[in-house]
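Step one of this worksheet: look at the structure below.
Worth knowing before you read on, the calculation uses all heavy atoms, side chains too, and leaves out hydrogens, waters and symmetry mates.
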Amino acid sequence: VGDLNDFDSETESVCPFCGVGCKVSLKVKDGKVKYVEGINGPANEGRLCVKGRFGFDYIHHPHRLTTPMIRRDDAPEKGLNVDPSDLSTHFREATWEEAMALAGDRLSQLRDTHGGRSVAGFGSAKCTNEEAYLFQKFIRQGFKHNNVDHCTRLCHASSVSALIENVGSGAVTATFNEIENADVAIVIGSNPIENHPVAATYFKQFTKRGGKLIVMDPRGVGLRRFATEMVQFRPGADVSMLNAIMHVIVEEELYDQAYIEKFTENWEAEKAHLKGFSPEAMSEICGIDPDQLRRVARTFANGKAGLIFWGMGVSQHIHGTDNSRCLISLALMTGNVGKPGAGLHPLRGQNNVQGASDAGLIPMFLPDYQSVTDDGIRKAFTDVWDSDDFSNEKGLTVTEIVDQVYAGNIKGMYIQGENPAMSDPDVDHARDAFAKLDLMIVQDIFLTETANFADIILPASALYEKNGTVSNTNRQVQRVRPAVTPPGDAREDWKITVELAQRIGLDWAYEDVSQVFDEMKINMKSLNNITWDRLKTETITYPSLTPTDPGQAIVFGDGFPREDGRARFTPASVIPPDEVPDAEYPMIMTTGRQLEHWHTGSMTRRSLVLDAVEPEANCSLHPKTLRRMGVEPGEMVRLTTRRGSINIMARADRAIAEDMVFVPFAYVEAAANILTNSAIDPYGKIPEFKFSAVRIEKAQTE
Ligand code: SF4
């Protein structure tokens with residue numbers, strides 16, 4: 001980096017990776033970001049993790065897309081076969097005029113020939129709130145249906161579904177920083193030291209001042225070193241374990257009767273349901289000693305204020321909604337919502353997955369989770385949009401859209417900043433589907449695996465090149481600002497969507513991104529009192545109750561946004577994983593992220609420091625498992641499920657159970673999602689990434 005004082009400009013923005021939403025200052029020299037510093041945002045107070053501090057240089061990588069590209073007439077068959085450093089074998093450069101005219105004409109043609117439902121869209125949690133809003137509006141207004149979704153479907157869709165059902169809102173009830181006021185906290189199905197590292201620093205501080213931390217996970221995640229209790233339960237056994245804990249709370253009358261009476265409904269049904277879940281009966285299913293289950297129940301229920309944090313270990317199951325229902329019930333019965341140091345907090349993954357969901361980038365909800373089935377709500381939006389009505393049916397989700405593409409019913413897709421050819425479960429199926437599309441428009445910053453299948457590629461902008469707002473896991477709305485300009489002819493995403501809308505005949509006339517924000521505010525109560533002007537200098541936690549209120553860190557202290565103002569207990573029963581180990585596939589595979597790499601790796605694997613630290617695809621197995629197979633750490637193993645096989649380097653990890661393997665999903669050369677199961681949760685429609693039956697062998701060397 002050299003002299004830290006030698007820069008031309010500095011710009012405040014927000015880290016582009018995880019949902020913590022750390023505020024950063026970008027120091028720019030000669031048109032390039034030279035280094036990044038953490039600054040005093042409410043979520044990070046100056047802190048950054050390795051991704052935020054060192055993972056910025058991908059934006060200057062030579063693989064950046066700098067000009068629109070059109071698939072050549074003589075290109076080889078569609079497949080995962082394009083060299084990202086030489087696109088000329090498959091694509092030719094085009095002007096924006098040519099690419100946009102072609103994209104607009106072909107989208108209109110599909111709509112006019114086969115109907116609006118022949119086109120679907122995936123937007124992005126990597127884009128701003130304004131871009132997410134415009135993207136869902138593009139599909140709804142332009143094609144008259146709701147087949148628009150994004151990666152929340154692969155992330156916390158089941159948590160959101162349970163939260164909306166039982167507390168009336170899909171967002172967190174307390175910021176993670178509220179742990180400063182808690183005396184007990186549960187972190188379940190989450191590995192914050194790697195996935196939300198700055199949030200994890202607050203969790204560690206909490207334990208240093210005597211807070212009781214209960215970590216629950218089938219993997220021995222790093223936070224166990226700080227835990228009062230590490231509960232390493234069997235994969236997929238969340239409901240049995242949580243119901244057993246709640247059984248103890250009922251049996252020993254540790255619940256908060258006054259809170260239950262004042263703020264909840266369906267308690268008697270929950271209580272009756274829990275009778276059948278004694279720790280002794282559940283111990284065999286979840287693998288946890290009854291004494292520990294009782295201890296955990298007492299520790300949590302006897303705390304004065306308790307928080308529950310959860311991650312994808314909870315949500316990515318066919319019973320993900322049931323898992324979240326249990327956590328909600330646990331918080332409600334102990335009176336742990338709506339007061340300092342207490343609450344429910346699904347740790348959101350992507351930097352703007354909260355904001356993109358709030359902005360309506362989901363098939364069943366318009367902005368602010370307003371149902372598409374409600375005629376009055378749709379009218380409120382079409383009045384603002386000055387457009388005709390659109391479908392009152394809930395739209396298709398990510399995996400359902402891919403299935404309809406495969407079946408030939410969806411013929412065209414517009415994909416902005418998502419990489420489903422890496423991130424979808426059973427990804428070979430998704431890739432086969434994309435190869436069948438008549439028209440695939442991909443808007444991104446790199447030639448992602450998904451862009452390999454594109455007909456038209458539109459070069460877009462990275463977060464540090466954008467203007468707009470993003471919302472983090474804490475419901476905090478923050479401004480992002482361009483520190484540098486996009487390379488070559490690349491453009492900001494919102495401008496591309498606006499022009500494409502005009503090309504399909506929509507009368508869109510936005511000239512500045514603040515106009516999009518102002519339009520969003522008309523039908524989004526969550527943005528009341530939050531103005532573009534305030535956001536110039538403030539981070540605001542929605543809801544903000546007055547024009548000067550910085551926002552509410554804790555919500556629902558005086559009731560819930562449900563019809564009767566009460567939260568609901570929804571009992572959950574034990575449902576086994578979709579496929580259980582058998583003689584042919586005797587072990588359990590789970591997938592996730594690593595500290596250094598972000599999701600499908602398109603950004604972090606192009607970041608010098610991060611790629612140098614973690615350059616090779618790897619999986620983690622217990623040393624005893626490796627010994628049994630005659631495999632040394634560093635050697636290759638072959639993982640096979642009912643969907644396919646990959647060869648991958650094995651690492652030893654004592655913290656993983658002997659019948660499990662953990663596989664990060666960032667590596668295209670050993671793509672974990674070739675192996676994962678596409679079975680989905682019936683409510684949140686989220687795939688079961690966290691449980692596949694797998695066979696593991698030493699890989700044959702040639
Ligand atoms: Fe970025 Fe998340 Fe790390 Fe903060 S914790 S620097 S938001 S990746």
Side-chain angles (χ1 to χ4, degrees), residues 156-174 186 188 238-250 253-277 297 300-301 306-310 314-315 317 319-339 342-346 357 362 364-365 368-371 373-374 394 475 525-526 543 552 554-575 681-686:
H156 264 305
S158 50
S159 313
V160 171
S161 138
L163 285 165
I164 289 175
E165 171 190 49
N166 296 297
V167 300
S169 159
V172 300
T173 73
I186 289 176
I188 175 169
D238 315 53
V239 169
S240 59
M241 176 184 68
L242 294 167
N243 276 354
I245 289 168
M246 290 192 283
H247 172 100
V248 176
I249 292 172
V250 173
E253 296 186 359
L254 302 174
Y255 48 83
D256 184 338
Q257 184 67 31
Y259 183 90
I260 292 168
E261 276 173 19
K262 189 167 178 196
F263 289 118
T264 72
E265 64 182 36
N266 213 30
W267 169 237
E268 290 307 321
E270 176 77 30
K271 233 164 108 176
H273 180 76
L274 290 172
K275 277 205 174 104
F277 292 88
F300 189 72
L307 272 155
I308 302 178
F309 298 98
W310 71 98
V314 164
S315 61
H317 287 282
H319 47 82
T321 303
D322 279 330
N323 293 347
S324 298
R325 285 170 174 155
C326 290
L327 297 173
I328 294 163
S329 294
L330 179 57
L332 293 176
M333 70 171 61
T334 51
N336 273 314
V337 180
K339 64 182 184 185
L344 292 156
H345 192 122
S357 303
I362 32 183
M364 49 293 275
F365 296 119
D368 260 1
Y369 308 92
Q370 300 180 77
S371 177
T373 62
D374 185 307
K394 292 177 182 175
R475 299 182 263 105
K525 283 198 190 120
S526 63
Q552 302 294 306
I554 304 155
V555 289
F556 310 149
D558 52 0
F560 292 86
R562 298 182 77 244
E563 249 170 46
D564 53 5
R566 289 170 177 270
R568 180 182 166 79
F569 289 98
T570 298
S573 298
V574 175
I575 300 168
D681 171 281
Y683 307 97
K685 307 278 179 82
I686 193 168

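Side-chain atoms of P571 and N266, non-hydrogen and from C-beta on, do get closer than 4.5 Å to each other. The side-chain heavy atoms of Y369 and L163, taken from C-beta on, include no pair separated by under 4.5 Å. Side-chain contact check for R475 versus P543: some heavy-atom pair is nearer than 4.5 Å. Between I308 and F300 there is a side-chain heavy-atom pair separated by less than 4.5 Å. Between K271 and M333 there is no side-chain heavy-atom pair separated by less than 4.5 Å. Within the 4.5 Å cutoff, the side chain of V337 has heavy atoms near those of the F560 side chain. In this structure, D322 and R325 have side chains that are in contact, with non-hydrogen atoms separated by less than 4.5 Å.
Ring-plane geometry between W267 and F569 is classed as tilted, the angle between the planes lying from 30 to 60 degrees on a 0 to 90 degree scale. Aromatic ring orientation, F309 versus H345: tilted (interplanar angle from 30° to 60°).
Of the possible polar contacts, one joining the D368 side chain to the K525 backbone as a donor-acceptor pair under 3.5 Å is found. Looking only at distances, no side-chain donor or acceptor of R562 sits under 3.5 Å from a matching main-chain atom of I164.
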* Asked: Would I188 and M241 count as a side chain to side chain contact (heavy atoms under 4.5 Å, CB included) if you check the C-alpha gap in whole Å, the side-chain angles of each, and the deciding distance to 0.1 Å?
  -> CA-CA 11 Å; I188 175 169; M241 176 184 68; 3.9 Å; yes

* Test log, rule side chain to side chain contact (heavy atoms under 4.5 Å, CB included), inputs I186 and L307 -> CA-CA 6 Å; I186 289 176; L307 272 155; over 6 Å; no

* Could you walk me through whether E270 and T264 pass the side chain to side chain contact (heavy atoms under 4.5 Å, CB included) test, one step at a time? => CA-CA 11 Å; E270 176 77 30; T264 72; over 6 Å; no

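Shortest non-hydrogen contact noted between A301 and L254 is CB-CB, 3.7 Å. Residues P561 and S169 share a closest heavy-atom pair of CG-CB, 4.2 Å. Nearest heavy-atom pair across L344 and A331 is CD2-CB, 3.7 Å. What you find for F263 and D558 is that their closest heavy atoms are CE2-C, 3.8 Å. Listed here is the closest heavy atom pair of S158 and G320: CB-C, 3.6 Å. Closest approach of V167 and A567 over heavy atoms only: CG1-CB, 4.3 Å.
T173 meets the side chain to side chain donor-acceptor pair (under 3.5 Å) test with no other residue; sequence neighbours excluded. With sequence neighbours left out, the side chain to side chain donor-acceptor pair (under 3.5 Å) criterion links S159 to H156, W310. For F277, the ring pair (Phe, Tyr, Trp, His ring centres under 6.0 Å) partners at least two apart in sequence or on another chain are H273. Partners of D681 according to the salt bridge (Lys or Arg N to Asp or Glu O under 4.0 Å) rule, which considers only residues two or more places apart in sequence or in another chain, do not exist here. For E261, the side chain to side chain donor-acceptor pair (under 3.5 Å) partners at least two apart in sequence or on another chain are Q257. Remark: S371 engages T373 in a side chain to side chain donor-acceptor pair (under 3.5 Å) (not counting sequence neighbours).
Between atom CG of residue N323 and atom CD1 of residue I575 there is a gap of 9.0 Å, rounded to the nearest 0.5 Å. Rounding to the nearest 0.5 angstrom, the gap separating the CG atom in L327 from the CG atom in L332 is 11.0 Å. Note that the SG atom of C326 and the CG atom of N243 stand 4.5 Å from one another [nearest 0.5 Å]. The line from OG1 of T321 to CD1 of I686 is 8.0 Å long, rounded to the nearest 0.5 Å. For the atom pair OG (S161) and CG (N166), the distance works out to 8.5 Å, reported to the nearest 0.5 Å. One finds the CG atom of L274 at 10.5 Å from the CG atom of L242 (value rounded to the nearest 0.5 Å).
With a 6.0 Å radius and a threshold of 12 heavy atoms from other residues, nucleotides or ligands, K394 has its NZ atom at or below the threshold.
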